[in-house]
Amino acid sequence: MPELVIECEEEGFDTSLLEKYGLQGVDADVPLAVELVFTDEEGIRKLNAETRGKDAVTDVLSFPNLDGILEKPIRKEDFPFDTDEDGNLFLGSIVICRERAAQQAEEYGHSLRRELYYLAVHGLCHLLGYDHETEEEKAQMRAREERVLSDMDIPRDAGEQEKKA
């Protein structure tokens, strides 16, 4: 499994689980880099309006840098202009709205920690080429999300387990 390097300046969000399990099943010959940013409702609303033409608050936005990589080997030589100064291939950026995540965690009855990791995994799936426009795509993406979260030991009903951590 390739190395995943996550740049995240958010205090209190531990990227190590995502770095360890986020790329399971991905074939790459180069470390892959992701930018993970947290913002507020106004910040994500503005970004959503500017980039997608949707003037609404959302939970997560993903900005993939590489095209055509879904379930294909990722080779550094195929993306010669997308590596950073450390030799990592840049997959893209994930932006999460912390307030929306808290609302959804309460709505779905699980912890904020679980919701934040779910949104990060969801965003990473988009960076890897997954989508949920059709029912088939949605099922494929959900299966990957659940597999990664399970390997991270953050199951859907993680409330009790997370209280122990």
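Note that these values count all heavy atoms, side chains included, but never hydrogens, waters or copies made by symmetry. Along the sequence shown, the residues carry numbers beginning at 1. What you see is a predicted model, and the numbers here were worked out from it, not measured in a lab.
- Here the CG-OG distance, from Leu47 to Ser93, works out to 9.5 Å after rounding to the nearest 0.5 Å.
- Separation of atoms CD (Glu137) and SG (Cys125) is listed at 12.5 Å; rounding is to 0.5 Å.
- Heavy-atom minimum distance, Gly123 versus Ser62: CA-OG, 3.1 Å.
- No continuous path of hydrophobic side-chain contacts links Tyr130 to Phe90 [ILVMFWY only; heavy atoms under 4.5 Å].
- Side-chain contact between Leu32 and Val5 is absent, with no heavy atoms from C-beta onward closer than 4.5 Å.
- Under a cut-off of 6.0 angstrom, the local environment of CD in Glu9 is sparse, with at most 12 non-hydrogen atoms contributed by other residues, nucleotides or ligands.
- Atom SG of Cys8 sits about 9.5 Å away from atom CD of Glu35, to the nearest 0.5 Å.
- Counting heavy atoms from C-beta outward, Leu18 and Leu124 have side chains that approach closer than 4.5 Å.
- How far CD of Glu85 is from OG1 of Thr83: 9.0 Å, rounded to the nearest 0.5 Å.
- With hydrogens and angles ignored, the 3.5 Å screen pairs a side-chain donor or acceptor of Glu19 with a backbone N or O of Ile6.
- Both Val26 and Met152 sit in one connected hydrophobic cluster of ILVMFWY residues. Membership requires side-chain heavy atoms under 4.5 Å apart, directly or through other members.
- With values rounded to the nearest 0.5 angstrom, Leu128 atom CG is found 6.0 Å from Leu23 atom CG.
- In the displayed structure, Glu136 atom CD is contacted under 6.0 Å by at most 12 heavy atoms of other residues, nucleotides or ligands.
- If you run side chain to side chain contact (heavy atoms under 4.5 Å, CB included) between Arg144 and each of Arg142, Gln140, Arg147, Met141, only Arg147 comes through.
- The main-chain N or O of Gly53 is never found under 3.5 Å from a side-chain atom of Asn48 such that the two would form a donor-acceptor pair.
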* **Criterion side-chain contact (heavy atoms from CB on, under 4.5 Å) on Leu89 and Leu66, from CA distance to verdict** => CA-CA 9 Å; Leu89 184 60; Leu66 307 177; 3.8 Å; yes
* Stepwise, does the ring pair (Phe, Tyr, Trp, His ring centres under 6.0 Å) test hold for Phe13 with Tyr117? -> CA-CA 9 Å; Phe13 188 81; Tyr117 277 108; 5.0 Å; yes
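- Of the possible polar contacts, none joining the Arg100 side chain to the Ile44 backbone as a donor-acceptor pair under 3.5 Å is found.
- A 4.5 Å side-chain heavy-atom check between Ile69 and Leu91 finds at least one atom pair inside the cut-off.
- Distance check: Asp78 CG to Lys72 NZ gives 10.5 Å after rounding to the nearest 0.5 Å.
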* Asked: side-chain contact (heavy atoms from CB on, under 4.5 Å) between His132 and His122: does it pass, once the steps are laid out?
  -> CA-CA 10 Å; His132 43 80; His122 182 84; 3.4 Å; yes
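- Under a 3.5 Å cut-off, the side chain of Asp84 and the backbone N or O of Asp86 do form a donor-acceptor pair.
- Between Leu116 and Phe38 the shortest side-chain heavy-atom distance falls below 4.5 Å.
- Looking at heavy atoms from C-beta onward, Cys97 lies out of side-chain contact with Asp59 at the 4.5 angstrom threshold.
- Hydrophobic cluster membership is shared by Val34 and Phe79, with clusters built from Ile, Leu, Val, Met, Phe, Trp and Tyr side chains linked at under 4.5 angstrom.
- Leu119 and Val37 fall into different hydrophobic clusters, defined by Ile, Leu, Val, Met, Phe, Trp and Tyr side-chain heavy atoms under 4.5 Å apart, directly or through other members.
- Ion pairing between Glu10 and Arg98 holds under the 4.0 Å rule for side-chain N and carboxylate O.
- Taking 4.5 Å as the limit, some side-chain heavy atom of Arg75 sits within range of a side-chain heavy atom of Asp27.
- Heavy-atom minimum distance, Ile154 versus Arg114: CG2-CG, 3.4 Å.
- Hydrophobic clustering of Ile, Leu, Val, Met, Phe, Trp and Tyr side chains at less than 4.5 Å, counting indirect connections, unites Leu112 with Ile96.
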* Report the C-alpha distance between Leu61 and Arg52 in whole Å, list the side-chain angles of each, state the deciding distance to 0.1 Å, and finish with yes or no for side-chain contact (heavy atoms from CB on, under 4.5 Å). => CA-CA 10 Å; Leu61 292 171; Arg52 299 177 62 227; 3.6 Å; yes
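- Heavy atoms only, all atoms of each residue included: Pro31 and Gly87 are closest at CD-O, 4.2 Å.
- Side-chain atoms of Gln104 and Glu99 form no donor-acceptor pair, as typed in the model, at a separation below 3.5 Å.
- There is a side-chain donor-acceptor pair under 3.5 Å between Glu145 and Tyr118.
- Electrostatic pairing of Asp55 and Arg45 counts as a salt bridge here, judged by a charged N lying under 4.0 Å from a carboxylate O.
- Shown here for Glu115 and Ala105, the closest heavy-atom pair between the two residues is CB-CB, 3.9 Å.
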* side-chain contact (heavy atoms from CB on, under 4.5 Å) assessment of Val95 paired with Val60 -> CA-CA 6 Å; Val95 182; Val60 61; over 6 Å; no
